[in-house]
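Here the structure is laid out as structure tokens; the discussion comes afterwards.
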Amino acid sequence: MIVNLDKLDYCASLKNLEPVSNKQNYKFIQGDICDSHFVKLLFEVEKIDIVLHFAAQTHVDLSFVRAFEFTYVNVYGTHVLVNAAYEAGVEKFIYVSTDEVYGGSLDQEFDESSPKQPTNPYASSKAAAECFVQSYWERYKFPVVITRSSNVYGPHQYPEKVIPKFISLLQHNRKCCIHGSGLQRRNFLYAADVVEAFLTVLTKGEPGEIYNIGTNFEMSVVQLAKELIQLIKETNSESETESWVDYVSDRPHNDMRYPMKSEKIHSLGWKPKVPWEEGIKKTVEWYRKNFHNWKNAEKALEPFPVQPPFM
């Protein structure tokens, strides 16, 4: 029995759940992980025995202007959830973190023992939440597992994230907006591969451990934009491709790379399988048909203003 708890924030859409909404072993509940009384009652009523904790504020641009909100949701909300799970005697608690907790690196590859050095409010809130989760293992031996994954892409993702945003902008005959030089490089994992990684950690992951979920596939943001332009606009020259790119002011801080070692999860039997060419074609095709799954999808295409941190 799968219980899906979601706040239905601005980036959510119940349309994304239509393929599973009528399944007998599936149940959707709207609620907020920051509501401690509600969360405690949920564990009692639904008899939850395993938790995969994905819930978070995740848009890095937004974190610079809503830093306190990210701290509240990502740190306090995680503390509420892990404490309720501990009190309910849950068998395994998987906390989904991010490669961004390591901070950026040009050459050093991060493994699970590398120090956390986050450089933006989003990454800082995820790193702090990790500390709360890990403390329940250290103090109580409560069976928590932490994962840190590369950028995930694929169908159903709210179009504020870079890949669906570029796809959607181009499909609306608008330019790809690139922060700064666009030379920042990111590793991209297809959603289906990440699902397999979580199932692997769920069944084989050891309590108290951290697992990087990474890929060797990496490209710069400007390279990503140009590839999508060529795929969607079928441009024939570099100058024609460049005409679909708009360079805007950079974030207050923008890490250049997040290179990770993932041998630890490889030893459990997982490796990414979906090639980039296959994954990106499936993703483009999905957004051609489903961009309006979100009532506020158009808003996600607006350039986000670079402002000082909200204090």
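Classification of the Tyr102-Phe110 ring pair by plane angle, with boundaries at 30° and 60°, yields parallel.
Judged purely by distance below 3.5 Å, without hydrogens or angles, the side chains of Ser249 and His179 never pair a donor atom with an acceptor atom. For the 3.5 Å distance criterion, the side chains of Ser262 and Lys271 fail to qualify, holding no donor opposite an acceptor. Asn296 and Tyr10 share no donor-acceptor pair across their side chains, judged by distance under 3.5 Å alone. With 3.5 Å as the limit, one finds no donor-acceptor pair spanning the side chains of Lys175 and Tyr247. Under 3.5 Å, the side chains of Asp111 and Asn212 contain no donor-acceptor pair of N or O atoms. Under the 3.5 Å distance criterion, with hydrogens and angles disregarded, a donor-acceptor pair is assigned to the side chains of Glu130 and Ser97.
At least one side-chain heavy atom of Cys176 sits less than 4.5 Å from a side-chain heavy atom of Leu170. You'll find the side chain of Tyr95 stays beyond 4.5 Å of the side chain of Gln134, heavy atoms only. Using a 4.5 Å heavy-atom threshold, the side chains of Ile178 and Val248 count as separate. Ile50 places none of its side-chain heavy atoms less than 4.5 Å from the side chain of Phe93. Side chains of Val82 and Phe142 form a contact here, defined as non-hydrogen atoms less than 4.5 Å apart. A 4.5 Å side-chain heavy-atom check between Asn83 and Phe132 finds every atom pair outside the cut-off. Put simply, the side chain of Val221 reaches to within 4.5 Å of the side chain of Phe166, judged on heavy atoms. Looking only at side-chain heavy atoms (C-beta outward), Arg257 and Ser105 stay at 4.5 Å or farther from each other.
Minimum interatomic distance between Arg148 and Ile210 (heavy atoms only, all atoms of both residues): NH2-CD1, 3.6 Å. Closest heavy-atom contact between Asn120 and Glu100: ND2-OE1, 2.9 Å. In this structure, Val245 and Ile229 approach most closely via the heavy-atom pair CG2-CD1, 3.6 Å. When all heavy atoms of Ile167 and Thr283 are compared, the pair lying nearest together is CD1-CG2, 3.9 Å. Minimum heavy-atom separation, Tyr287 to Ser168: CD2-OG, 4.1 Å. The two residues Met260 and Ile213 have their closest heavy-atom pair at CE-O, 3.8 Å.
Once rounded to the nearest 0.5 Å, the distance linking OG of Ser237 with CD of Glu242 reads 10.0 Å. Cys34 contributes atom SG, which lies 12.5 Å from atom NE2 of His79 (distance to the nearest 0.5 angstrom). For the atom pair Trp294 CH2 and Asn16 CG, the distance stands at 5.0 Å (nearest 0.5 Å). The CG atom of Asn4 sits 11.0 Å away from the OG atom of Ser21 when rounded to the nearest 0.5 Å. Note that CG of Leu17 is 10.0 Å distant from CG of Asn293, once rounded to the nearest 0.5 Å. Distance CG/Leu5 to NE2/His53: 10.0 Å, rounded to 0.5 Å.
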- From CA spacing to verdict: side-chain contact (heavy atoms from CB on, under 4.5 Å), Leu8, Phe28: CA-CA 11 Å; Leu8 293 183; Phe28 175 78; 3.8 Å; yes

- Item | Evaluation steps, side-chain hydrogen bond (donor to acceptor under 3.5 Å, both in side chains), between Lys161 and Thr58 | CA-CA 9 Å; Lys161 304 295 185 181; Thr58 65; 2.8 Å; yes

- Task: In sequence, state the C-alpha distance, the side-chain angles, and the governing distance for Tyr211 and Glu206, and then conclude on side-chain contact (heavy atoms from CB on, under 4.5 Å).
- Result: CA-CA 10 Å; Tyr211 295 92; Glu206 291 293 327; 3.7 Å; yes

- Working for side-chain contact (heavy atoms from CB on, under 4.5 Å), residues Cys131 and Lys116: CA-CA 10 Å; Cys131 292; Lys116 296 192 286 284; 4.1 Å; yes

- Task: List the steps and the verdict of side-chain contact (heavy atoms from CB on, under 4.5 Å) for Cys177 and Lys165.
- Result: CA-CA 9 Å; Cys177 50; Lys165 184 161 189 168; 4.2 Å; yes

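The only member of Thr147, Val96, Val152 that meets side chain to side chain contact (heavy atoms under 4.5 Å, CB included) when paired with Val194 is Val152. Of the options Thr71, Val101, Thr98, a side chain to side chain contact (heavy atoms under 4.5 Å, CB included) to Tyr122 is made by Thr98 and by none of the others. Under the side chain to side chain contact (heavy atoms under 4.5 Å, CB included) test applied with Leu228, the options Leu169, Ile280, Val162 reduce to a single match, Ile280.
Placement of Val80 and Val45 in two distinct hydrophobic clusters is found when ILVMFWY residues are connected by side-chain heavy-atom separations under 4.5 Å, directly or transitively. Ile94 and Val90 end up in different hydrophobic clusters when Ile, Leu, Val, Met, Phe, Trp and Tyr side chains are linked at under 4.5 Å. Linking Ile, Leu, Val, Met, Phe, Trp and Tyr residues whenever their side-chain heavy atoms come within less than 4.5 Å leaves Phe43 and Leu52 in two separate clusters. In the hydrophobic cluster analysis, where Ile, Leu, Val, Met, Phe, Trp and Tyr join through side-chain heavy atoms closer than 4.5 angstrom, Leu41 is grouped apart from Val39. Connection of Ile146 to Val75 is not established within any shared hydrophobic cluster, with ILVMFWY side chains joined at heavy-atom distances below 4.5 Å, either directly or through further cluster members.
Shown here are the salt bridge (Lys or Arg N to Asp or Glu O under 4.0 Å) partners of Lys23, two or more places apart in sequence or in another chain: there are none. In this structure, the salt bridge (Lys or Arg N to Asp or Glu O under 4.0 Å) partners of Glu209, at least two apart in sequence or on a different chain, are Lys264.
Geometrically, Lys233 engages Trp244 in a cation-pi contact defined by less than 6.0 Å to the ring centre and at most 45° from the axis. Both tests hold for Lys141 against Trp137: distance to the six-membered ring centre under 6.0 Å, angle to the ring axis within 45°.
Within a 6.0 Å radius of CG in Asp49, more than 12 heavy atoms belonging to other residues, nucleotides or ligands are found. Crowding of His172 atom NE2: a count of heavy atoms from other residues, nucleotides or ligands under 6.0 Å exceeding 12. Open room surrounds CD1 on Ile2; 12 or fewer heavy atoms of other groups in view lie less than 6.0 Å from it.
A donor-acceptor pair under 3.5 Å links the side-chain atoms of Asn74 to the main chain of Gln57, judged by distance alone.
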Below 3.5 Å, can you tabulate the donor-acceptor pairs from side chains in residues 183-191 to any protein atom, sequence neighbours excluded?
from: Gln184; atom 1: OE1; to: Gly182; atom 2: N; distance (Å): 3.4
from: Gln184; atom 1: NE2; to: Asp250; atom 2: OD2; distance (Å): 3.4
from: Arg185; atom 1: NE; to: Glu218; atom 2: OE1; distance (Å): 3.2
from: Arg185; atom 1: NH2; to: Glu218; atom 2: O; distance (Å): 3.4
from: Arg186; atom 1: NH1; to: Asp255; atom 2: O; distance (Å): 2.9
from: Arg186; atom 1: NH1; to: Met256; atom 2: O; distance (Å): 3.4
from: Arg186; atom 1: NH2; to: Asn254; atom 2: OD1; distance (Å): 3.0
from: Arg186; atom 1: NH2; to: Asp255; atom 2: O; distance (Å): 2.9
from: Asn187; atom 1: ND2; to: Thr215; atom 2: O; distance (Å): 2.8
from: Asn187; atom 1: ND2; to: Phe217; atom 2: O; distance (Å): 3.4

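Centroid-to-centroid, the aromatic rings of Tyr140 and Tyr136 come within less than 6.0 Å. A centroid separation of less than 6.0 Å is found between the aromatic rings of Phe198 and Phe54.
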